[in-house]
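I have placed the structure first, in the form of structure tokens, so that the comments after it can refer back to it.
Remember, it's 1-based here, ligands and their atoms both numbered in the order they're listed. One is the number of the first residue; the rest follow in order along the sequence. Since this is a predicted model, take the numbers as computed values, not measurements.
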Amino acid sequence: MHNDCERIMLTAEQIRSRVKEVAQTVDALYQDKRPLAVGILKGSILFYVDFVRELTCPVELDFMAVSSYGSGTVSSGKLRIKKDLDSDVKGRDVIIIEDIIDSGFTLANLKALLLERGARSVLIVTLLNKEGRREYEIAPDFNCFDIENEFVIGYGLDYDERYRNLPYIGILKREIYEGK
Ligand code: IMP
Ligand code: MG
């Protein structure tokens with residue numbers, strides 16, 4: 001385990017089997033559709049590749065980068081599009097793939113944006129859900145794990161751009177983000 005982790009919350013094996021299960025459930029809904037899987041960079045990258053690898057429907061891949069966070073652990077400001085989609089979503093069935101839903105700010109805004117652009121449907125799939133932190137009225141359609149209000153890192157999730165490559169999800173030691 002990385003030295004900056006308090007403890008491991010979800011092992012690579014737990015993640016692997018749950019992601020596979022959720023992906024297969026979602027896949028069944030899109031067998032006669034041609035969905036656009038939209039990965040939200042950069043947090044969703046590891047989840048995204050493991051998720052789409054399980055799909056058998058004729059899926060297309062695209063990405064967006066948005067920001068609602070600075071380098072801290074508290075949500076702030078307005079949704080900013082840092083990288084937009086290559087695809088036109090008009091008439092498309094979109095599957096948003098996101099690492100974590102916290103306040104709900106990012107996904108509430110993103111879903112509204114894609115519907116405004118004419119998407120036929122928008123399904124939200126999240127790896128983690130911090131239900132207790134919700135401030136915006138939005139819920140994932142599919143979520144892999146409900147977690148408590150702890151700051152987590154790994155499997156795509158960062159603190160100040162670090163730890164994204166860890167194969168498991170760990171709780172970050174408080175002293176790392178509270179200063180020593
Ligand atoms: P929301 O807009 O408040 O729902 O925040 C969603 C974004 O906050 C996620 O895409 C993450 O980038 C970030 N975030 C929220 N909680 C955590 C965490 O525990 N670890 C790492 N990033 C987090
Ligand atoms: Mg993110």
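Among Tyr136, Tyr163, Phe151, Phe105, the residue whose heavy atom lies closest to atom 18 (C) of ligand 1 is Phe151. In the candidate list Asp99, Ile153, Ile40, Asp99 is nearest to atom 10 (O) of ligand 1, counting heavy atoms.
Within the listing of ligand 1, atoms 10 (O) sit less than 4.0 angstrom from a heavy atom of Glu98. Atom numbering of ligand 1 starts at 1 in the shown order; those under 4.0 Å from a heavy atom of Asp158 are 21 (C). Counting the atoms of ligand 1 from 1 in the order shown, those under 4.0 Å from a heavy atom of Thr106 are 1 (P), 2 (O), 5 (O), 6 (C). The distance from ligand 1 to the heavy atoms of Glu150 drops below 4.0 Å at these ligand atoms: 19 (O).
Between the side chain of Asn129 and the backbone N or O of Asn143 there is no donor-acceptor pair closer than 3.5 Å. Here the side chain of Arg117 pairs no donor or acceptor atom with the backbone of Val89 at under 3.5 angstrom. Put simply, the side chain of Asp27 gets close to the backbone of Thr56: a donor and an acceptor are under 3.5 Å apart. Within the 3.5 Å criterion, the main-chain N or O of Val38 finds no donor-acceptor partner in the side chain of Asp62.
Counting only N and O atoms by type, the side chains of Asp4 and Tyr159 include no donor and acceptor under 3.5 Å apart.
Ligand 1 is approached by Lys130 to a heavy-atom distance shorter than 4.0 Å. Heavy atoms of Gly104 come nearer than 4.0 angstrom to ligand 1 in at least one pair.
Residue-level proximity to ligand 1 for Val152 is carried by backbone and side chain together, each with a heavy atom below 4.0 angstrom.
With sequence neighbours excluded, no residue forms a salt bridge (Lys or Arg N to Asp or Glu O under 4.0 Å) with Asp146. Residues passing the ring pair (Phe, Tyr, Trp, His ring centres under 6.0 Å) test with Tyr168, sequence neighbours excluded: none.
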